[in-house]
Visitor: 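I have a structure here, written as structure tokens, and I will follow up with some questions on it.
We name chains A, B, ... by the order of the sequence lines, and we start the count at 1 in each one.
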Amino acid sequence: MTDRTEKYMGQALKRKEDPRFITGAGQYTDDFVLPGMLHAAMVRSPYAHARITGIDKSSVEEMPGVVAVLTGEDVAAAGAGPIPVGWLLPDLKVPPHHAVAQGEVNHVGDIVAVVVAETRAQAEDAAALLAVDYDALPSVALGSAALEEGAPQVHDDVPGNVAFRWEIGDEAALNEAFNRAHKTVKVKLRNHRLVPNAIEPRASLAQFSPASGEYLLYTTSQNPHIHRLILAAFVLNIPEHKLRVISPDVGGGFGSKIFQYQEEVVVLLAARLLGKPIKWAARRSESFVSDMQGRDHESEAELAVDADGRMLGLRVNTVANLGAYLTLFAPAVPTYLYGTLLNGVYKFPAVHAKVTGVVTNTVPVDAYRGAGRPEATYLIERTVDVMAHELGMDPAEFRRINFIQPDEFPYQTPVALVYDSGNYEPALDMALDMMKYRELRAEQERMKGTNKILGVGVISYLEACGLAPSALVGQLGAQAGQWESSLVRVHPTGKVELYTGSHSHGQGHETAFPQIAADELQIPIEDIDLIHGDTGRMPYGWGTYGSRSAAVGGSALKMALQKITAKAKKIAAHLLEASEEDIEHEGGVFRVRGAPGQQKTFFDVALMAHLAHSLPDGMEPGLEATAFYDPKNFVYPFGTHVAVVEIDTDTGVVKLRDYGCVDDCGPLINPLIAEGQVHGGIAQGAGQALWEDAAYDEEGNFLAGTFMEYAVPRADDLPNFQTDHTVTPSPHNPLGVKGIGEAGTIASTAAVANAVMDALWHECRIAHLDMPYTSEKVWRAIREARQGAGMGQAADD
Amino acid sequence: MNVTVTVNGKAHTRDVEPRTLLVHFLRENLGLTGTHVGCDTSQCGACTVHLNGEAVKSCTVLAVQAGGMEVTTIEGIGTAADLHPLQAGFWEKHGLQCGFCTPGMIMSAAELLRHDPDPSEATIRHHLEGNYCRCTGYHNIVLAVQHAAAAMREREAGQAADD
């Protein structure tokens, strides 16, 4: 595209990064090999809770290839500190999270020892045979069970297993609202636990150079600078600049690759202690018990409405199971990313939420795609549907009459947030039209009495992404900034490198960021490349999570680009002997207004910036700029999703038949990429509603440790998705963009769940069942309801 | 023990442990890292390659079992300068995001198109149920395979007309 009258932003361009992925030339962490590299295998606890009474290193030391066995004692002796928590709530109880267990293991999969050997197979052989003695301790897996009187204590320093108690909203106002209520409903909901399951298992490769004291870490990370900061400052206690973290191509993250993991500490320490590069790559069965898991809330929600069906208040009481340790963002997820979102898209006079964060003998829980927002959306939208059914109102119309109106923005909610912009009704209307909602309702009636029942789930969601601003999150407990950086480096040839602190693990940054730059610089996109994922090359940045890359990272880029064009304009004016005010930057050239032919190309300017033969007086040579952007507020994407399911009442099989959605994330940088993100998000969210379940037994034994037991959606489980969008720009950032990476997941779990429960309500007045809606669960519920047992509220109560 | 496998048209002889899986042989002995390992239970399909023309999960085949056979990996099916229609289709239809499952998806879809040049959406979805993707929701993967199928049929028709 050489005609610079057309903009790149908004175009569905094919991705620049794809040629390497489709030819097998991508480079993921496990693809790297360093000379003399050894392999580490983790010895993991088979117990949910146990005291380690002995480790007999000699049991494997003579095995072929074994180089070393490292225990918790060795790691402590090497001076490694525990992995810290990155969000500190008041009175938070933080049990120490050591890279290798010291005396006690607290979940199945906790690392007990590390075997290093010449080959991976040798390391795994020896790890399997290492003699470890345990004394099993009482254990507990469910959050509410951990709160019971006499429950096993997970950590001595977390009394009653309560890591924190947190609340938000005005309880008195809420109680007053409930006193005025025409009708209330109460729903008990379990938002069960998930395993993120990025298809690339986590992997890390570390090298240490004794001569320089420098460490190098290749790792599967969404935010290499965060890893460097934590590892250097808190765990290894080394100068930050002595550690370079590279996260090369990363095969999906979904939140699970944000956190500081034990294995990264292990390989770095082992590389130093043994003087050789060390690689560890997870087997999938390790991922199941060592990747941070997601969700796991048990809640009670009460919704009150007046006689006109207007919402008066929402009361929420949630037990959030945090697992065995508090990991990086764990305290933030069920509080500031959940409690503050409980207002949804509605005009609630009052909302009040209490959250109890509980430790259990399970794999730690932290951010997973949406992080708090899917949990909030599921709770609100499920409860709203229960109320609509009780009122006999159409669920879509019940939502519509309660929407915040477009002229009410910025909108202050009762739970702290100020929504930037929104217009919820057009998205609802478009989604209902798209899915032919009225016809679906008619079809639902027609199918009654057959052995197939139809359910339609309509939800309207809102999410907060691009967590911000830094000063505010700092007051709330974040031990991190929430800004992003960008460096734009123009070479003498006019070719451009963009550096971002954001990180792409499938989101197409290498295309989307150059689209922004090509428009600002008005040069072909082929002349621009994005560099990311290497602390040795980029300015400081906080990485990619919470759908922040475009809104925060993209805005930082836009600001850096504006500095480049401002300087370029000055140089052009100087070269053209014109005043800067008379220079137009149009069609890819700088020209003097009213003097056709008097022009300089971007290349001319870039070359002169570097040759410096003729620059304005006092101007520094070069053409390079860095910007740091700290957003003023979150951005608030929204939309309506509609799921249609068909249930076979003879077998209980739920088929997701159709799915359509209208999302609003402001202006789209690349619609192809944005739609792709929505598709993937829908699949993950539908997965939770229908199949996925990180199930434990009561004692914390993990029951879903491989893809044999944990069902992720497959191609033949899903329909094609219909997507569309409205555009309501954010007033806060220079691009007007919001986020889209998590929208699909945030919305779809609730939409699919509502569709299933819509069918079961219409068929046999079942008010609520907990996910996932396995055939057995659905079949039993229908059977019981038809037999007259379990009519009305919640078979799961 | 010694094993000789022809990979992407070139014979390679290596001394391997008998338990070495084909996927590890490709990745570690031959440095062909386009074939990925996503699970250890042969569910995810990231390691799919062609063995004597049939798509197999290379984590379920021992390297020695592949002795004397022909293996085609993602590196052998097309290049950046001369993409296989499936590679072009995945690019054109945004059938990938992180790209980790993509080589396996392409190798699996290639087998489908060899047997069925004009598969229905349901057939594509059924055929790919052994390949997991966590990014795309499969929507665009289906479109990518359809796009490739149409391109291949067109090419076939063109060749037939030339003959």
Visitor: By a 4.5 Å heavy-atom criterion (distance strictly below it), what part of L96(B) contacts chain A: side chain, backbone, both, or neither?
Guide: both
Visitor: Could you look at F100(B) and say if it's the side chain, the backbone, both or neither that has a heavy atom under 4.5 Å from chain A?
Guide: both
Visitor: Could you tell me which of G681(A), P196(A), A281(A) has the largest number of non-hydrogen atom pairs under 4.5 Å with chain B?
Guide: P196(A)
Visitor: For A751(A) versus A643(A), what's the shortest heavy-atom pair and its separation?
Guide: O-CB, 3.6 Å
Visitor: Do the side chains of Q293(A) and F702(A) get nearer than 4.5 Å, heavy atoms only?
Guide: yes
Visitor: Thinking salt bridges, do K16(A) and D529(A) make one under a 4.0 Å N-O criterion?
Guide: yes
Visitor: Considering only NZ, NE, NH1 and NH2 on the basic side and carboxylate oxygens on the acidic side, decide whether R657(A) and E646(A) come within less than 4.0 Å.
Guide: yes
Visitor: Identify which part of I141(B) has an atom lying under 4.5 Å from any heavy atom of chain A, answering side chain, backbone, both or neither.
Guide: neither
Visitor: Which one, S504(A), G680(A), A715(A), leads in non-hydrogen pairs under 4.5 Å with chain B?
Guide: A715(A)
Visitor: Aromatic rings H503(A) and H505(A): how do their planes relate, parallel, tilted or perpendicular, breaks at 30° and 60°?
Guide: parallel
Visitor: Is any side-chain N of the basic residue among R19(B) and D125(A) closer than 4.0 Å to the acidic one's carboxylate O?
Guide: yes
Visitor: Among E92(B), H126(B), H84(B), E75(B), which residue has the highest count of heavy-atom pairs closer than 4.5 Å to chain A?
Guide: E92(B)
Visitor: Donor-acceptor pair, E709(A) side chain versus L703(A) backbone, under 3.5 Å?
Guide: no
Visitor: For D717(A), is it the side chain, the backbone, both, or neither that has a heavy atom closer than 4.5 Å to a heavy atom of chain B?
Guide: neither
Visitor: At a heavy-atom distance under 4.5 Å, which candidate from S285(A), A683(A), G252(A) has the highest pair count against chain B?
Guide: S285(A)
Visitor: Salt-bridge test for E124(A) and R120(A): reply yes if a basic N is under 4.0 Å from a carboxylate O, no otherwise.
Guide: yes
Visitor: So what's closer than 4.5 Å to chain B heavy atoms on Y28(A): side chain, backbone, both or neither?
Guide: side chain
Visitor: State plainly whether the residues R202(A) and E286(A) are in salt-bridge range, i.e. N to O under 4.0 Å.
Guide: no
Visitor: Contact part of T136(B) toward chain A, heavy-atom cut-off under 4.5 Å: side chain, backbone, both or neither?
Guide: backbone
Visitor: Go through the atoms of Q507(A) and report whether side chain, backbone, both or neither lie under 4.5 Å from a heavy atom of chain B.
Guide: neither
Visitor: Given heavy-atom pairs under 4.5 angstrom as the criterion, report whether the side chain, backbone, both or neither of A686(A) touches chain B.
Guide: neither
Visitor: So, using ring-ring contact (aromatic ring centres under 6.0 Å, His included) as the criterion, who are the partners of H39(A) when residues are at least two apart?
Guide: none
Visitor: Can you list the steps and then say if E692(A) with R134(B) is a salt bridge (Lys or Arg N to Asp or Glu O under 4.0 Å)?
Guide: CA-CA 13 Å; E692(A) 297 183 38; R134(B) 203 63 169 155; 2.8 Å; yes
Visitor: What residue, out of N140(B), T73(B), N131(B), T20(B), has the most heavy-atom pairs lying under 4.5 Å from chain A?
Guide: N140(B)
Visitor: As an exercise: rank P103(B), A80(B), C135(B), A122(B) by heavy-atom pairs under 4.5 Å with chain A and give me the winner.
Guide: C135(B)
Visitor: For the candidates G95(B), G137(B), G76(B), C98(B), which exhibits the highest count of non-hydrogen atom pairs separated by less than 4.5 Å from chain A?
Guide: C98(B)
Visitor: Does the side chain of R15(A) come under 3.5 Å of the side chain of N670(A) through a donor N or O and an acceptor N or O?
Guide: no
Visitor: Which distance, rounded to the nearest 0.5 Å, do you find between the CD of E118(A) and the CG of L38(A)?
Guide: 7.0 Å
Visitor: Between I199(A) and chain B, which part of the residue has a heavy atom less than 4.5 Å away: side chain, backbone, both or neither?
Guide: both
Visitor: Considering only heavy atoms and a distance below 4.5 Å, find which of E17(A), Q27(A), Q677(A), R20(A) pairs most often with chain B.
Guide: Q677(A)
Visitor: So, R284(A) and E200(A), do they make that salt bridge, N to O below 4.0 Å?
Guide: no
Visitor: Which bit of F288(A) comes within less than 4.5 Å of chain B, counting heavy atoms only: side chain, backbone, both or neither?
Guide: neither
Visitor: Let me know if N197(A) has heavy atoms under 4.5 Å from chain B in its side chain, its backbone, both or neither.
Guide: both
Visitor: Given salt bridge (Lys or Arg N to Asp or Glu O under 4.0 Å), test R125(B) with E121(B) step by step and report yes or no.
Guide: CA-CA 6 Å; R125(B) 286 184 177 277; E121(B) 185 199 323; 2.7 Å; yes
Visitor: Could you check whether K257(A) pairs with D291(A) (Lys NZ or Arg NE/NH1/NH2 to Asp/Glu carboxylate O, under 4.0 Å)?
Guide: no
Visitor: Are there residues of residues 24-56 of chain B whose heavy atoms fall under 4.5 Å of chain A's heavy atoms? If so, which?
Guide: H24(B), R27(B), T33(B), G34(B), H36(B), V37(B), G38(B), C39(B), D40(B), T41(B), Q43(B), C44(B)
Visitor: Has the side chain of Q722(A) got a donor or acceptor atom that lies under 3.5 Å from a matching backbone atom of G660(A)?
Guide: no
Visitor: For the interface with chain B, which of G24(A), G506(A), A198(A) has the highest count of heavy-atom pairs at distances below 4.5 Å?
Guide: G506(A)
Visitor: Tell me, for T706(A) versus chain B, whether the close heavy atoms (under 4.5 Å) come from the side chain, the backbone, both or neither.
Guide: side chain
Visitor: Which residue out of G744(A), P719(A), G687(A), A282(A) racks up the most heavy-atom pairs below 4.5 Å with chain B?
Guide: P719(A)
